[in-house]
There are 2 protein chains.
Amino acid sequence: MLTYTEENYLKAIFQLQEDEKGKISTNSIAERLSTTPATVSDMLQKLAAKKMVNYLKYYGVSLTAGGKKKAINVVRKHRLWELFLYEKLEFNWDEVHEIAEQLEHIQSETLVQKLYDFLGKPKTDPHGDPIPDEEGVFPDLNTIPLAVVAVRKDAIVIGVSDHRPDFCNTYKRLV
Amino acid sequence: MLTYTEENYLKAIFQLQEDEKGKISTNSIAERLSTTPATVSDMLQKLAAKKMVNYLKYYGVSLTAGGKKKAINVVRKHRLWELFLYEKLEFNWDEVHEIAEQLEHIQSETLVQKLYDFLGKPKTDPHGDPIPDEEGVFPDLNTIPLAVVAVRKDAIVIGVSDHRPDFCNTYKRLV
DNA sequence: AATAAAATTTAGGCAAATCTAAAAATTAAT
DNA sequence: ATTAATTTTTAGATTTGCCTAAATTTTATT
């Protein structure tokens, strides 16, 4: 069983891996988690001992198959809870992230499954991010960055990548 | 801010105080929380330092006004989440306790309030236990123990005090 | 009331997660 | 290719929550 903190590390590594596409540095993890590189170094060794990451000192980390599975499950739970808060409890979309950071660590596979069904097997969260299915597969949303949409061409905004309340608060909601 | 563990101590003390009506012993807390008396002794001193309990060595503990408020809030959250799991996610009533033990520690007053409204400001959880309102006041349910109901008199069962899955599982649901 | 039993607290330790400061390794720059 | 700068790791501490074993205090028994 992983601790709350360990789950956060796996999620951070997973998300950095998506963005940066290369080796993940100790510093980038530290920055993302607002901690020190020393602490990250320590934790990576623990996660390596638990076979959650492949770790070579001074070279960087990547997730093992098992680590990736755990990470995706955390992301799935985070996004499902965000959607629940937004759709069912009528939170604003800028308020949901912080609470979902806590809810994503609740342990119960049955709960995730029932929440998924309750929300109608959704494909995206309130920020437009894809929600993986029970197998950990992300839906293909066929999106392109707004910056590359041709001039005078119609387009539908389906998501934002900046989740900070300050940014989200600029808009009432998507679409 | 209280830790997850501290919240569990306050809840345990609160519930023991309701049952036993006298001084709460170190041993009874240890038993309820499945830990050792030594650990409890330690924690009581920490909680006393935080003004959450009145504690006199070798004599027992009681909650301060502040500690009681926190404890009731945890109970409130626990019961609201249980009801959510049961009513909205269709869990069996014997499965909800364990998950609610985790959910009761999610920090967000807004969340509790919105959940309360979402569930229709309920008065009882799936076990028939009263849910305190936003002020921490428990609704008066006007109940008597089944054992003192007169012979040949009609009565409606509104709750059970044993929350263990084994016991609850004997019945499909209340009423 | 003295002693035995039970309850409680203290002492000393351990693991997790964090930090700062120092050391080591890698990368960049002249 | 040395040296300087940066990144990463190790070392040594701290806090929280927990344990066992020993000491202390209270309660019960004869």
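Order of the sequence lines sets the chain letters (A, B, ...), proteins ahead of strands, with each chain counted from 1.
Residue pairs satisfying the side-chain hydrogen bond (donor to acceptor under 3.5 Å, both in side chains) criterion with at least one member in residues 64-75 of chain A, sequence neighbours excluded, are absent. Sorted by first and then second residue, the side-chain hydrogen bond (donor to acceptor under 3.5 Å, both in side chains) pairs involving residues 40-55 of chain B (not counting sequence neighbours) are B/Glu6-B/Lys50, B/Asn54-B/Ser62.
Atom NZ of B/Lys77 sits about 11.0 Å away from atom CG of B/Leu115, to the nearest 0.5 Å.
Extent of DNA chain C lying under 4.0 Å from chain A heavy atoms, first and last nucleotide in 5' to 3' order, is C/dA17 to C/dT26.
Relative to the six-membered ring of A/Tyr116, A/Arg76 meets both conditions, a distance below 6.0 Å and an angle of at most 45° to the axis. By the 6.0 Å and 45° rule, B/Lys88 does not stack over the aromatic ring of A/Phe118.
Counting non-hydrogen atoms of other residues, nucleotides and ligands closer than 6.0 Å to NZ of A/Lys123 gives a total of 12 or fewer. Counting heavy atoms of neighbouring residues, nucleotides and ligands inside a 6.0 Å radius, atom CD of B/Gln15 exceeds 12 of them.
Shown for residues 3-12 of chain A: no residue has heavy atoms falling under 4.0 angstrom of DNA chain D. DNA chain C is contacted by B/Tyr55, B/Lys57, B/Tyr58 of residues 51-61 of chain B, taking any non-hydrogen atom closer than 4.0 Å. Remark: B/Thr35, B/Thr36, B/Ala38, B/Thr39, B/Asp42, B/Met43, B/Lys46 in residues 33-48 of chain B come within less than 4.0 Å of DNA chain D through at least one heavy atom.
Side chains of B/His97 and B/His127: a donor-acceptor N/O pair is absent below 3.5 angstrom, by distance only. Remark: the B/His78 side chain and the B/Asp125 side chain contain no N/O donor-acceptor pair separated by less than 3.5 Å. Residues A/Gln107 and B/Gln102 bring no donor and acceptor atom of their side chains to less than 3.5 Å of each other.
For A/Asn27, no side-chain nitrogen or oxygen approaches OP1 or OP2 of D/dT6 to under 4.0 Å.
The pair A/Glu104-A/Arg79 does not count as a salt bridge, with every side-chain nitrogen at least 4.0 angstrom from each carboxylate oxygen.
Atom CG of B/Leu2 and atom C1' of D/dG17 are 15 Å apart (whole Å).
Under a hydrophobic-cluster definition in which Ile, Leu, Val, Met, Phe, Trp and Tyr are linked whenever side-chain heavy atoms come within less than 4.5 Å, directly or via other members, A/Val75 and A/Leu119 are assigned to different clusters.
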For this session: Let me see the working for B/Tyr4 and A/Tyr4 under ring-ring contact (aromatic ring centres under 6.0 Å, His included), right down to the final yes or no.
Result: CA-CA 12 Å; B/Tyr4 184 108; A/Tyr4 184 108; 9.3 Å; no

